[in-house]
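What follows is a single structure, written as C-alpha cells, with notes after it.
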Amino acid sequence: MDWSALALSLELAAWTTAILMPIGVLIGRTLARRQFVAKSLVEALIALPLVLPPTVLGFYLLVVFSGTSPLGQIYEMLIGRPLVFSFQGLLLASLIFNLPFAVQPVQRAFESLPGDIREAAWCCGMSSWRTFRSIEFPLVWTGVLSAMVLTFAHTLGEFGVVLMVGGNIPGETQTIAISIYDRVQALQDQQAALMSAILLVFSFATISLIYIINNRRRSRREY
Amino acid sequence: MDWSALALSLELAAWTTAILMPIGVLIGRTLARRQFVAKSLVEALIALPLVLPPTVLGFYLLVVFSGTSPLGQIYEMLIGRPLVFSFQGLLLASLIFNLPFAVQPVQRAFESLPGDIREAAWCCGMSSWRTFRSIEFPLVWTGVLSAMVLTFAHTLGEFGVVLMVGGNIPGETQTIAISIYDRVQALQDQQAALMSAILLVFSFATISLIYIINNRRRSRREY
Amino acid sequence: MNTNNTGGLHVHLEQATPIYLDAQFHCATGELIVLVGPSGSGKSTILRCIAGLTIPKQGLVRFNETAWLDTDLGIHLAPQKRSVGMVFQHYALFPHLSALDNITVVLGETSRVHREERARELLELVNLQGLESRRPEELSGGQQQRVALARSLARDPDVLLLDEPFSAVDQITRRKLQLELARLRQQLKMPIVLVTHDLDEACILADRMCVLHHGRSLQAGAPADVTSRPDSDLVARLVGLTNLFDGEVIDHKSEPKITLLCWANHTLECRHRPEIRPGQPVSWIIPPQQVILHRRDRPSRGERENPVHGVIRDFVVLGGDVSITMFVEDNPDLPLSLTLSSHVAYRNHLGMGEHITVSLLAHGIHLMPQR
Amino acid sequence: MNTNNTGGLHVHLEQATPIYLDAQFHCATGELIVLVGPSGSGKSTILRCIAGLTIPKQGLVRFNETAWLDTDLGIHLAPQKRSVGMVFQHYALFPHLSALDNITVVLGETSRVHREERARELLELVNLQGLESRRPEELSGGQQQRVALARSLARDPDVLLLDEPFSAVDQITRRKLQLELARLRQQLKMPIVLVTHDLDEACILADRMCVLHHGRSLQAGAPADVTSRPDSDLVARLVGLTNLFDGEVIDHKSEPKITLLCWANHTLECRHRPEIRPGQPVSWIIPPQQVILHRRDRPSRGERENPVHGVIRDFVVLGGDVSITMFVEDNPDLPLSLTLSSHVAYRNHLGMGEHITVSLLAHGIHLMPQR
Amino acid sequence: AADSPIVAAASSLNPALNEVRQIFEAETGQAIRLSFGSSGNIARQIIRGAPFELFLSADERYVRTLVDRALTIDRGALYAIGRLVLFVPNGSPVRADREMRDLERAVADGSLKRLAIANPEHAPYGRAARQLLEARGLWDRLGQKLVMGENISQTTQFAATGSVDAAILSHSMALSPAMSRRGRFVVLPEKWHDPMRHRMVLLRDASQIAVAFYSFLRAPAATQILERYGFSKPGAIP
Ligand SMILES: Nc1ncnc2c1ncn2[C@@H]1O[C@H](COP(=O)(O)OP(=O)(O)OP(=O)(O)O)[C@@H](O)[C@H]1O
Ligand SMILES: Nc1ncnc2c1ncn2[C@@H]1O[C@H](COP(=O)(O)OP(=O)(O)OP(=O)(O)O)[C@@H](O)[C@H]1O
Ligand SMILES: [Mg+2]
Ligand SMILES: [Mg+2]
C-alpha cells in the first residue's frame, strides 16, 4: 500500500475543498442573487471544465501553467519555483476542474432561500456579514455540504488532469489515484485491488461520517 | 473533425441524462423524505463512484460486465450479444459513474421544499402522483436541472471508464472524448485543439441555451 | 372510544405528547362549529388531525358513517381520501402557480376550459377578480388568504376546515366573506370547523362553540350560551368576559326565585341557581351591558336591583359607545366595566374620577361553582 | 417634495408602477399612527418603503433630521442603517434558530449571557416563557407572531413598524400585548406605525389614523375624528361605518344653528355646516348609537329630533347588545342600524317585523359634500 | 529521498524497471525515483519543463522529438527491443500459432468476435500490431471487431478479463505472472513489422546519479532483467 500517495491525495482533496468552499459560496451566491444579461453564459462557462476529457484539460492546463506561458512565468517570478509538476500546480488544476461541483449545489441552495428572511435580518440591523454568517450560511449549509462531498470525492478519484499537470512524481505529485492506476497498468491486480479497497473504505467512512454528523444535527434542529 | 464520435457522445450523454433523471429524482426524493438508520451510509455509497480513478472503476466494471461474470453472462443470454464493448455497456457504466451528480442536487432540492405545500396538495385531494407532477417537480426543477447539466457535461468529458468498458471502437464506442485524447496522444495538436474547440463551443452553446431558457422561465415565474 | 352520534363530523382526540390533546366535539351536517382558545391551545393541531396530517396517539374521527381515523382499529385514511377543504393558518399556497392555477390545479380531470371557469368563479367569490394571473408573492397578505379560501372550496369538500380564514382581511371584506360562508353553509350542508380569535365573528357565524385550553375541550355549546353561561371562570376568561369576581352563595329565595350572593360587603340578588348549595364559593360574572347607570337627570328602571357605588377609573370612547371602568368602593381589586351610549355619558357629565352608582341587574348575574 | 415638519417620521411616497402609491403622513416621536385600508391597499408596501426594503420611484422618508430616503437627492439608506423594528406580516422568523436565538442573534456584540438575559426578558414580555428553545415550526401561529414582535423590539429601534402584529393571537393575549405596546410607547418615545384591520384596536391604540385606498392616503387624523367625521363617503365606508346615505342640503338655519337636509321625503335637522351651499348633493352618516328608539314604556329625550318610521328587518344579539337593522319606510334601499342594550330591546318587546320609530339625533348627523 | 533524480518511463516498463532500480540502489546506494506514464505524455511534460533527468521511451519517435528540440544531452541509446505476441485467453475459439493461421481462419469464418490491440495512432505496440495485421492481410477484414486499448496495458486487461477472443500484446505483458493462468501465447515473427526500438535519453539537467543509472541500464545486470521481462537485448544498432 502506498501510504504517501494516499496522504498526498487527502492533502490535495482537503486543500481543494477548503479553498473551493468559499469560492463556491461566493460565486453561487452571486449567481443566485444577481440578474445580469450574461448570467446564463457564466453559468454555462462554469460547467465547461467537465466537458473536456481530463487528460486533455490537463494538457491545456499544462500549457497554461508551464514556464513558457505568462501565468507560469509570473508564478515562477513571484514564488521562485515552477508551477507545473508541483503540489501548487496540482492544487490550482484541481480547483479549476472541481469548480462546477463547488458552485452548482451552493447556487441552488441560495436560490431556494426565502427573500424575506434576509430582509428580516437587515431590518434587525444585522450587517451583511452577520446576516450571511448567522442566517444565510446555516440555511444553505446542506448545499455547501453537497458541494464539499462532491469536490472531495472527485479530487480523490481524479487522475487525468493530475497526471498531466503533476507528472506522477512519487511523494510530490503522485496521488493515490495515479498510484492505483499504475498498479492496474502493471497488471498488479491484487495490489490495485487492495489499494482501491482501502481508498473506498476510507472514503466511505469519511463521507458517511460527514453525513451522519449532518443528519444528527438536522434531526436535532431540522436544518 | 470526428463527427461520428461527437454524435456518439451526444447520444450517450442524452441517454444517460434521460435515464438518470427519473432515477435521480426517485432516489433523491426518497433520501430527502425518509429517515432511516442507514441513510447516511446510502448517501455516502452514492458518492463512491467518484472516489475511484475512472480507469480503475472502468477496469472493475469491465470485470463485472465481461462474459466471464454472471452479469455479463445473463446479459449475453438475454440479449444475444456481449455487454462489454457495446453501446449498452457504455451506457450502463455511464449511469453508474454519474449517479452522484444525478442524486445530490435533487435530494437537496427536495429537502428545501416546505412541508406544508405538499400537505396542502393532499388536503386539496391531489393524488401523490399529481402532487408530484404539478407541485413538487416544478419546485425542485432547478435542482433537477443542475443534476442534468452536471451529468450531461460529465458524460461528454468522461473517457477513462468509457475507454475501458467500450474499447474505443469507432462508430460504436469511440466517443469524442476518446477521439480527442487519441489526437493528443498522437501529438496531433492542431486536430486535438480543433476538436476540443468544437466540443467546447458546442457544449457551451447547449448548456447556456438550457440556462437561458430556464432563466427566462424563472424571470417570468420566479420558479 | 365509541359514540352514538351519527351524521356529521365526530372528533375525539387524546394524546400526551408531543402536544397534549384531550378534545371531543361533534359537528352535524350543515352546522358550523367554532374552536376558540388562547394561542397555542391546539386548535390548528386539531384541524390537522381531522385532515389526516397529524396522527394522534389515541383518536377517532368519523364523518357520517365512515371512520377516517380510529386508532383502536388501526384505521387511518390518507388525507387525499378525506375530502376536506382546508385553509391553512399560513395559507400554504403553491408558490409557483398563479392565483388561478392554484385553484385549477386541484380541480379534477375535467376540461381546462371548465376548470378555469370554475376557478374564476371562486376567485370572484372572494373578490379577487383581476388578480388571476398574479403569483402568491405578488399578492398582499389578505389577497393570499382569500386565494387559500377559494382553493379550499374548489374540490367541493365534504368537510370544511378553516384556520383563522379571515384574519388578514379588512372588516368590509371580512363581512362579505362571512356572508358568503353563511350562504355556502346553507347551500352545501356540510360540517364546518372554524378557528377564529374574533369572538364577534364566532358569535355571528357559529351554531356551536368549543372552548379549548392546553389541548383540552372545556365547554361546547351555542355561542350565546357559552358566552353568557360559561361553565367555569376559566371559560369565562377564555371567551373574553370581564366583570369576573369571586363570591359565596348564602341563600336561595323562592318568591321571587332568586339566589343571594355575598360579595365585597354586598349581598347581591342573582338569577336563581337552586342547585348550588349555600356556603359554596363561586365565581360570577355580569356583562357590562347589564350594569345600569343611575342617571342624574332622571331615574331609570331597575335601580332597586343591587346598587353599587364606585369611582370612574377608565373612560374610553369607542365609536358611539363609551366603555367605563369603575373601582367598586374605590377598591382597585374590584374593577367593574359598563358600556353606555356616548350621548348618555355626555348628558350625565361622566368623566374620570367621578363617583357613580350603578345597578347590577339580577338576571344578568351568572354564578359558576368553583372546584 | 419638502416638509416643514421636524421630529418624528415623515413619509411621502409616490409611484405609478408596479404598485400605485400616493401616500403621505407624519408620525411624531412618541406617536402611534395606524394605517387602515382594505386588503391590497398598500399598507405593507408602505412599511417596506419606510424600512428600505422597497424603493419607490419618488419619495421622501425622513426620521428626525436624517433623510432615510430622498429620491430627489438620490439618498437611499440601507435597511440596516435605519434602526427600525419591524414585524413582518408573515413574521419572517429565522427558521433554523430557536425562539431565544431568533432574538439573541440580532442583539449586538454584548456578552452571550447579557444577550440571553435580554432575550428572555423580551420573550417574557410577549408571554412566551418556557418556549425559548422551540424552533419556529414547533410553535403555533400566534406564538410565532409573538416571537416576531419580541424580535422587533430587540435592537431598541428608533421607529417601530408593525404589520398586523396581533392578528394571530387570541383576544386576551392581544389585550395584554396592546397594553405592553402602549406602555412601551410612553417609555421609549419613538414613532410607531401600526397596520391593523381591527378598528377597535386602531381606536384604542392610535393617536392618528391614516386611511389608505389603492395606495393613496385619503385622510389622516385622530381616530375619533376620522371615524366620526370622515372626509368622504369612501372613507366612511373604509372605516366600516354603516348608516351611509345620500341627500341634498336645502338650507341653513341660524337659531338654533342647524343645517337642513332633504332625504327620502324627510327633512332632517343636522349639525351646522354653513360652508356647504344649499342644493349641494351630499353623503351623510349617523352612528348607530345616535339613533334613539322611541320607547313604548316611556318617552326618552330627543324624541323631537328627526323622527323616522320603519320595520325591523334584522335583529342580532351580540353579547349584551342588540344590533337592529330597520328598513326606513319599508324601503330595503334605506337600511338603518341602531344598537340597544338587550334589556331595553327586551323590555320594549322588539323583534323581527315589528314597526318602530326612531329619532336621528341632529348633532350625530355628519355631512360629506360629494365631488 | 525527496531530491533524488526522477526517471520517467513508459508504463509498460513498470515491473521490470522497478527491479532494475532496486538492484541499482543496492549496488550504488543512490536513490532513484520512477515516474510512469505514456511515452507521449512524458514527452509533452518534458517539453513543458518537467523535472525529469532520464526518459525511457517505448517509442523511438518521442525521443527524436526531444532531440530535435535540443532538450537532451545526446541522441540517447537503445535499451531494448520489443516483441509482439498473439495471446489467446482460455476458452477462446482461436488457437495461438506463430503464423496466425488459426486467427485467419477465425476471422474468415466469423468465430472471432473481438481482437484487442493497442491504439495504432499513438501506442508503439499498436502501430506494430497494425503493420503485422496489414502484412497478413487481416487489417481490412477486421473492421469493428477491433478493440483498441489506450496503451498496451489496457489491451492486456481486455485479454485478461476474457472480454476478447484474442489480443496482440507485448511480450513483456504476456510474460507477467497475472497472465500465465489466463491463456496461452506465441511470440510473433519480427519480419511483419518495423522493429520496436526502445530508446532512452538523458535530459539536459541530468545529474551524476541519472547518468550512472543510464549506464547501469546498458550493463548486463540490467539487460538480463529486462530480457526476463520480455524485452529483447538491442543489437549492434546504436
Ligand atoms: N413540532 C412541535 N413540537 C412540539 N410542540 C409543538 C410542535 N408544534 C406545535 N407545538 C405546540 O403545540 C401547541 C398547539 O399548537 P397549535 O398550532 O395547535 O396551536 P393553536 O391553537 O393553533 O395556536 P394559534 O392560535 O397561536 O395558532 C402549541 O403550544 C405549540 O407550541
Ligand atoms: N410583486 C408585485 N407585483 C405586482 N403587484 C404587487 C406585487 N406585490 C404586491 N402587489 C400588489 O400591491 C398591492 C399592495 O400590496 P400590499 O401588500 O402593500 O397590500 P396590503 O395593504 O398590505 O394588503 P393586506 O392587508 O392584504 O396585507 C396589492 O394589490 C398587491 O396585489
Ligand atoms: Mg393555529
Ligand atoms: Mg399587508
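A side chain to side chain donor-acceptor pair (under 3.5 Å) with Asn168(B) holds for exactly one of Thr173(B), Thr175(B), Asp182(B); it is Asp182(B).
From Gln174(A), atom CD reaches atom CG of Leu6(A) across 12.0 Å, with rounding to the nearest 0.5 Å.
Contacts of Leu45(A) with chain B are made by both backbone and side-chain atoms, with heavy-atom separations under 4.5 Å. For a residue to count as touching a neighbouring chain, one of its non-hydrogen atoms must lie under 4.5 Å from one of that chain's; by this rule Pro105(B) does not touch chain A. With a threshold of 4.5 angstrom between heavy atoms, Phe59(B) approaches chain A through side-chain atoms but not through N, CA, C or O. If you measure heavy-atom distances from Pro54(A) to chain B, the contacts under 4.5 Å come from both the backbone and the side chain. With a 4.5 Å cut-off on non-hydrogen atoms, Ala109(A) does not touch chain B at all. Contact annotation for Ala193(A): both backbone and side-chain heavy atoms come within less than 4.5 Å of a heavy atom of chain B. Using a 4.5 Å cut-off between heavy atoms, Ser112(A) contacts chain B through its side chain alone, with no backbone atom that close. Of the atoms belonging to Phe152(A), not a single heavy atom falls under 4.5 Å from chain B. Both the backbone and the side chain of Val51(B) come within less than 4.5 Å of a heavy atom of chain A. Heavy-atom distances place no part of Phe202(B) under 4.5 Å from chain A, backbone and side chain included. Residue Val149(A) touches chain B through its side chain alone, counting heavy-atom pairs closer than 4.5 Å. Neither the backbone nor the side chain of Ala147(B) comes within less than 4.5 Å of any heavy atom of chain A.
Residue with the most contacts toward chain B among Phe159(A), Tyr211(A), Phe204(A): Tyr211(A) (heavy-atom pairs, distance under 4.5 Å). Per-residue heavy-atom pair counts under 4.5 Å with chain B were compared for Val42(A), Leu200(A), Leu57(A), and the maximum is reached by Leu200(A). Interface check for chain A: of the options Leu41(B), Leu145(B), Leu156(B), the most heavy-atom pairs under 4.5 Å are formed by Leu41(B). Chain A forms the most heavy-atom pairs under 4.5 Å with one residue out of Val184(B), Leu209(B), Ile210(B), and that residue is Val184(B).
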Step-by-step side-chain contact (heavy atoms from CB on, under 4.5 Å) determination, Leu95(A) to Trp15(A): CA-CA 9 Å; Leu95(A) 294 176; Trp15(A) 274 105; over 6 Å; no
Stepwise side-chain contact (heavy atoms from CB on, under 4.5 Å) check, Phe132(A) with Val25(A): CA-CA 11 Å; Phe132(A) 172 76; Val25(A) 168; 3.6 Å; yes
Derivation and outcome, salt bridge (Lys or Arg N to Asp or Glu O under 4.0 Å), residues Glu136(B) and Arg33(B): CA-CA 12 Å; Glu136(B) 293 181 81; Arg33(B) 294 262 178 279; 2.6 Å; yes
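Counting heavy atoms from C-beta outward, Leu48(B) and Ser203(A) have side chains that approach closer than 4.5 Å. Leu12(A) is not listed as a side-chain neighbour of Leu8(A), based on a closest heavy-atom distance of 4.5 Å or more. Residues Val144(B) and Phe137(B) have side chains in contact (heavy-atom distance under 4.5 Å, counting atoms from C-beta outward). By the 4.5 Å heavy-atom criterion applied to side chains, Ile117(A) and Leu113(A) are not counted as neighbours. Annotation: side chain of Ser146(B) is not in contact with side chain of Phe101(B) (no heavy-atom distance under 4.5 Å).
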